[in-house]
Amino acid sequence: MSESNNSEPTVVALICVQNAGRSQMAYAFAEQELENRGLHDEIKLVTGGTQPADYVHDEVVESMSEIGIDLSDRTPREVTFEETMQSDYVITMGCSAQDVCPAGWAGENRDWDLTDPDGKSSAEVAAIRDEIKSRVSALFDELESGH
């Protein structure tokens, strides 16, 4: 974790336009990383979209279900500018979260440039899912090592 002198958790925001696919998968994998690494006190997660959809994409729910993660009860939500301002890391999924200006983000911004799974085949969604899992794991390795 960072070498800061306060006990505030590191805030990681996982953002997309609709919060119905990539950011939902990233958030679910990040929740697993928090649990597996015992980092609930050190890292706080935020997810949301700039124009949230009404529901998580069916193909995303199905793909995550294949690996034992249930997203069927998740609902996309709107991320606020305040949430992004309070984040140490703002991770966008390649969907150019156009309504939230990166220049105003207080923390580090990274764009993972991932393909949108909406309407893709199960194999394509599985490949996107696996890429997201890998990126989330690498991000947590980095956060644990303090960069």
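Computed from a predicted structure; not experimentally measured.
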K44 atom NZ, neighbour heavy-atom count above 12 within 6.0 Å: no

D73 atom CG: more than 12 heavy-atom contacts under 6.0 Å: yes

Flag side-chain contact, heavy atom, 4.5 Å: [X] against [Y]:
| X | Y | result |
| --- | --- | --- |
| V12 | D88 | no |
| Y89 | V11 | no |
| R22 | P117 | yes |
| P9 | I43 | no |
| W112 | T92 | no |
| L34 | F140 | yes |
| I15 | S23 | no |
| E108 | R110 | yes |

So, [X] side chain and [Y] main chain: donor-acceptor pair closer than 3.5 Å or not?
| X | Y | value |
| --- | --- | --- |
| T80 | E83 | yes |
| E78 | G49 | no |
| N19 | P52 | no |
| Q24 | G21 | no |

Taking only distance into account, with no hydrogens and no angle test, what donor-acceptor pairs under 3.5 Å do side-chain atoms of residues 124-133 form with protein atoms, sequence neighbours excluded?
unit_1 : atom_1 : unit_2 : atom_2 : d
E124   : OE1    : S121   : N      : 2.9
E124   : OE1    : S121   : OG     : 3.1
R129   : NH1    : S63    : O      : 2.8
R129   : NH1    : S63    : OG     : 3.0
E131   : OE2    : R135   : NE     : 2.6
E131   : OE2    : R135   : NH2    : 3.2

Gap between atom CG of L143 and atom CG of L39 - 0.5 Å precision: 8.5 Å

Straight-line distance of Q86 CD to E8 CD, nearest 0.5 Å: 10.0 Å

Joint hydrophobic cluster, Y55 plus L14, side-chain heavy atoms closer than 4.5 Å: no

Going by atom type alone, with no hydrogens or angles, which donor-acceptor pairs under 3.5 Å involve a side-chain atom of residues 25-32 and a protein atom two or more places apart or on another chain?
unit_1 : atom_1 : unit_2 : atom_2 : d
E31    : OE1    : R74    : NH1    : 3.3
E31    : OE1    : R74    : NH2    : 2.7

Residues K120, D118; criterion side-chain contact (heavy atoms from CB on, under 4.5 Å); working and verdict: CA-CA 6 Å; K120 299 289 189 278; D118 189 20; over 6 Å; no

Any residue meeting salt bridge (Lys or Arg N to Asp or Glu O under 4.0 Å) with R37, in chain and number order, not counting sequence neighbours: E33, D141, E144

Which atom of T84 lies closest to which atom of V79, heavy atoms considered: CG2-CG2, 4.1 Å

Heavy-atom pair of closest approach, residues E142 and S145: O-OG, 3.0 Å

Modelled atom types, side-chain donor and acceptor of H40 and E35, under 3.5 Å: yes

Check: S65/D70 side-chain N/O donor and acceptor closer than 3.5 Å: no

Residue pair L71, I69: steps toward the side-chain contact (heavy atoms from CB on, under 4.5 Å) verdict: CA-CA 6 Å; L71 297 185; I69 299 174; 4.1 Å; yes

